[in-house]
Amino acid sequence: MAARIPDKPTLDGLEDRWSQEWDAAGTYRFDRTKTREEIFAIDTPPPTVSGSLHVGHVFSYTHTDAIARYQRMRGREIFYPMGWDDNGLPTERRVQNYYGVRCEPHLPYDPDFTPPDQPPKQALAVSRRNFTELCGRLVVEDEQKFEELWRHLGLSVDWSMTYTTIGEVARRTSQRAFLRQLARDEVYKAEAPTLWDVDFRTAVAQAEMEDREVAGAYHRLRFHRSDGTDLVVETTRPELLAACVAVVAHPDDARYQPLFGTEVTTPLYGVSVPVVAHRLADPEKGSGVAMICTFGDVTDVTWWRELDLPVRAIVGADGRIKADPPDALVRTDGAVDAFAEIAGKTVKQAQARVVEQLAASDELDGDPRPIMHPVKFYEKGDRPLEIVTSRQWYVRNGGRDLALRARLIERGKELQWHPAYMRARYESWVEGLTGDWLISRQRYFGVPFPIWYPLDEQGQPRYDAPITPGDDALPVDPSSDTPPGYSEEQRDRPGGFTGDPDIMDTWATSSLTPQLACGWIDDPDLFARTFPMDLRPQAHEIIRTWLFSSVVRAHQEHDTIPWKHATISGWVLDPDRKKMSKSRGNVVTPMEWLEKFGSDGVRYWAVSGRPGTDTAFDEGQIKIGRKLAIKLLNVSKFVLGISGHLDTDPLEVTTTSGLDNSFLADLLAVVDDATTAFDGFDYARALERTERFFWDFCDNYVELVKGRAYDGGDDVAALSAQQTLRAALHTLLRLFAPFLPFVTEEVWSWWQEGSVHRAPWPARDQYRISATVGPDRGNAYAVAAEVLTEIRKEKSSQKRSLATPVTRAVVRDTAERLDALRAAEIDVRNAGRIDQLETEVADALGVVVELAEPDAA
RNA sequence: GGGCGUUUAGCUCAGUUGGGAGAGCGCCUGCCUUACAAGCAGGAGGUCGGCAGUUCGAGCCUGCCAGCGCCCACCA
């Protein structure tokens, strides 16, 4: 076909135009008739729909898209659905702020409720169902905005295949998977001390916990021995003194060995507590003796459990000191009055009061000593976690089972990690697990546990005899649905039933994204064609959550790993190399950049970041990407201007020039390099190779053959250059297509049928190159380019135009290289404007140039 | 405390069988040249974090040390 080349090629408007064309043509539509071997299935991270996408999303999703486009061009059918993570706490928080409401689960549903236009100052209390309806409404709006951005960025997703993590299918999938785990005894409900966020009033999992350095202080408390002397204990949490159940020292600590087995009394309250020995007590720390409270930190839980100590809890689920003192205080004179002064206070207020009390009773040894120390926080929380005893659901994940833990580490080895060293993070996490996976949350917008409990005659739930729904009843909401064999009138009545009030944590659903995306429960045919999947792309910070939990679920449900490969992306750092985040206030809105520099430019920046590496946000790199895209337009216009009239196969080339031969050999070497890099998921390397070759092509090959390609006097020589240019363009467009989908598609449309994104990836066997010249002249192209550079250098140093004619040039070089140069002589003379070209054999390259005199005018 | 990564030009980074120290940006000097002035050509600029070792030869391999970043850890 004849090429149709715009007079003034431009990047403007390519995003809208081509995303519409691709949609209309179904370019990225998934063909589900393909077999498992033909399909490449990607388990894309469902972005959290709780506001806006940031530049970090653009970064990592572009990496995956480049891989998807490469695999598609290699002939794989790409299964690449997009999910929306609209489940859970981030959505709840957003709904609370957006509409000015809060959830009160005991309120009845109001079918006529409409949120106020402006969020009221005082949050409006609404029922759980009204609340979750608002959540559902808001996420739909957000999801549309997200899709718009992704399309603008050029993600080659099949937009008819989206899923959500709170939708009907997700709830049914989560509940079914949970019930199957229950039947296999992989989940259980237990009452235990639990990490607890006092603001969200929910339990949290080990994986959602993080350490933060905060200010604290060591307080030296005087406990009292029976002989009247003091035992000084250092603590950062004096407010928990009333919860103290023992003091502990290391068994080998000679200072305290005489005390083991004796009792001491606590300051303020005078409660007797035993002195016990445990290996975790550190003789180096403080006075070498610690107080054990129920519960100040996770070490307290270990001591409490292993030393079989009583519970004396004083912190409630709201983070305040409970109103009633523990029994041990009630039995001790004066203790109740001392406790009454902190009852109802927050732990911070209580600490201040307890310190005053201790000072007044002269039981505080010296002033508190300020320190900075790590304290555990919920990653989304603002106040330190407390430890509260509660009844929760747990998934067995190897935290308490060494055989399972070893098996899951083996699963990690079955998975191919890119980069490979990221597996170490998985292993160190699994090896450091301290308990099973806590999946229940005392929240509202999430998948409910599909469980009811019978109530005994006293109205107490029988947790040992849960009632489960049949598969065909799913999804259920036990707070409004009635269990089989009961009537709704029996809800919360003695002898009746009660629904499990909790919802599943968002990771309990997200850990099933392969099952959700591949149609595990509704579409066995699709599931067989897509699962286990090929690729899980994700960020390194959620290896311990998303990746690990997905491996656990696939291991339990399917006895396999969920994917063959995992690509782990780094973070986007701001130019000061801090992680970009909203709290730092340095987030760039992606749409601004996409519109300012074009999607291809932004994509170029993203795929310049090597796999797994944190990359600084860099406007300069985006501009370079934009320049590259513009260069592609211009050089394509030029190449097709010369060769667009040809009607032969672009990959069929008959060369009459050693220069063309050696250039094509270089081109195919780049194809090999890019292919190898992409097969190893190293998109950045594939791009770097292609880009370097492309600029060399523009600067040297095009300049060298320009004259010959235009010269109609020698048809065969001109044709050789024209065909070579055309083959190079055809190849380069395909090599760049995964990175710069818009500009490559634009140029492709000037002269090719169909989409470049469905064209086959370049490979040697596609080319038919026949040479009519004699023996291969090896590096003719490289030598010619070097000589041309010398000529340019001379003109530049004499401050003359590159168009200045060279009256005489003498090239000195080795005989071998001069031989290669002869194969390209005509091109070097054209490009350098050389009248007379002579050669002399020498040890290395050297060029003597005589320039024409400047015009007298 | 354990582990992983990283350190190459002013900046961002390539450098994969051990032999030439490179690219882009920035800076300087020039140039309208049969696509591209949003362009093109040329130039300056680096004891490749430090020390030791292996080798004919080390940016690359080995050991130790240091800075930076991250992951993990029972941090009273």
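Computed from a predicted structure; not experimentally measured. The sequence lines fix the lettering, A, B, ..., with proteins before strands; numbering per chain opens at 1.
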Closer than 4.0 Å, any side-chain N/O of A:T615 to the OP1 or OP2 of B:rU12? no

Using Watson-Crick geometry (N1-N3 plus N6-O4 or O6-N4) or G-U wobble (N1-O2, O6-N3), each under 3.5 Å, B:rC64 is paired with B:rG50

Taken to the nearest whole Å, CD/A:E431 to P/B:rG2 is 16 Å

Within the structure shown, what part of the strands sits under 4.0 Å from A:A684 by heavy-atom distance: base, sugar-phosphate, or nothing? nothing

Original post:
For A:T804, which contact category applies under a 4.0 Å heavy-atom criterion: base, sugar-phosphate, or nothing?
Top reply: nothing

Take atom P in B:rU12 and the same atom in B:rG49, then report the distance between them in whole Å.
15 Å

**OP:** Just call it for A:S797: base, sugar-phosphate, or nothing, with non-hydrogen atoms closer than 4.0 Å on any strand.
**Re:** nothing

- For B:rU34 and B:rG22, measure between their C1' atoms and round to the nearest Å. 33 Å

Partner of B:rC13 under the Watson-Crick or G-U wobble criteria, both distances under 3.5 Å, comes out as B:rG22

Under 4.0 angstrom, heavy atoms only, what part of the nucleic acid is A:T302 near: base, sugar-phosphate, or nothing? nothing

Between CZ of A:R692 and P of B:rG15 the distance, given in whole Å, is 10 Å

Report task. Would you kindly check if the NZ (Lys) or CZ (Arg) of A:K627 is within the cone defined by 45 degrees around the ring axis of A:Y604 and under 6.0 Å from the six-membered ring centre? Result -> no

task: Assign A:G620 to base, sugar-phosphate, or nothing according to its heavy-atom contacts below 4.0 angstrom with the strands shown.
output: nothing

TODO: Flag the pair A:R833 / A:K795 as yes when at least one side-chain heavy-atom distance between them is below 4.5 Å, and no otherwise.
DONE: yes

B:rG43 phosphate, OP1 or OP2, under 4.0 Å from A:K793 side-chain N/O
yes

Partner of B:rC70 under the Watson-Crick or G-U wobble criteria, both distances under 3.5 Å, comes out as B:rG3

The answer to which of A:M422 and A:V233 contacts RNA chain B further toward the 5' end, by nearest nucleotide, is A:M422

Counting primed atoms, P, OP1 and OP2 as sugar-phosphate and everything else as base, the B/S/- map of nucleotides 26-36 of chain B against protein heavy atoms under 4.0 Å is ---SSS-BBBB

The answer to which of A:V248 and A:I624 contacts RNA chain B further toward the 5' end, by nearest nucleotide, is A:I624

- How far, in whole Å, is B:rG63 from B:rC74 if one measures between their C1' atoms? 33 Å

Closest non-hydrogen atoms of A:A728 and A:F697, given as atom of the first, atom of the second and distance, are CB-CE1, 3.8 Å

To the nearest angstrom, the CD-P distance between A:E688 and B:rU12 comes to 18 Å

Closest of B:rA76, B:rG42, B:rC71 to the A:H373 side chain is B:rA76

Separation of B:rG5 atom P from A:R425 atom CZ, nearest Å, is 10 Å

- Side-chain heavy atoms of A:F694 within contact of A:V635, under 4.5 Å: yes

With the side chain defined as heavy atoms from C-beta on, A:W429 is closest, among B:rU12, B:rC74, B:rA73, to B:rA73

* Less than 3.5 Å between a donor and an acceptor, one on the side chain of A:D297 and one on the base of B:rC74, is that the case here? -> no

Heavy atoms, side chains only, cut-off 4.5 Å: are A:E691 and A:F739 in contact? no

Separation of B:rC71 atom P from A:R212 atom CZ, nearest Å, is 13 Å

Original post:
Rounding to the closest angstrom, what is the interatomic distance between B:rG10 and B:rG5 at atom P?
Top reply: 27 Å

The Watson-Crick or G-U wobble partner of B:rG57, with both key distances under 3.5 Å, is none

So A:R626, base contact, sugar-phosphate only, or nothing? Heavy-atom distance under 4.0 Å. base

Q) OP1, OP2 of B:rG5 versus side-chain N and O of A:H540: anything below 4.0 Å? A) no

A:W304 atom CH2 is separated from B:rA76 atom C1', nearest whole Å, by 19 Å

- Item | Short side-chain N/O contact from A:Q206 to OP1 or OP2 of B:rA73, under 4.0 Å | yes

Separation between CD1 (A:I630) and CG (A:L11), nearest 0.5 Å, reads 5.0 Å

Check whether any side-chain nitrogen or oxygen of A:R610 sits under 4.0 Å from OP1 or OP2 of B:rG15, and answer yes or no. yes

Margin query: Say we look at B:rU62 and B:rA73: how far apart would their C1' atoms be, to the nearest angstrom?
Written below: 30 Å

Between CD of A:E284 and C1' of B:rC75 the distance, given in whole Å, is 15 Å

* **A:W417 side-chain N/O to A:G412 backbone N/O, donor-acceptor pair under 3.5 Å** => yes

Q. Can you tell me how far C1' in B:rA9 sits from the matching atom in B:rG69, rounded to whole Å?
A. 23 Å

Ranking B:rG3, B:rG39, B:rA41 by distance to the side chain of A:A424, first place goes to B:rG3

Separation of B:rG39 atom C1' from A:L632 atom CG, nearest Å, is 15 Å

Check this for me: does any side-chain nitrogen of one of A:R237 and A:E386 sit under 4.0 Å from a carboxylate oxygen of the other? yes

Between A:L547 and A:I542, is any pair of side-chain heavy atoms under 4.5 Å apart? no

Q | B:rC28 to B:rC70 separation - C1' atoms, rounded to the nearest Å | A | 40 Å

Next on the checklist: Within the 4.5 Å heavy-atom criterion, are A:D600 and A:L632 side-chain neighbours or not?
Outcome noted: no

Q.
Taking only the C1' atom of each, what is the distance from B:rU8 to B:rG24 in whole angstrom?
A. 15 Å

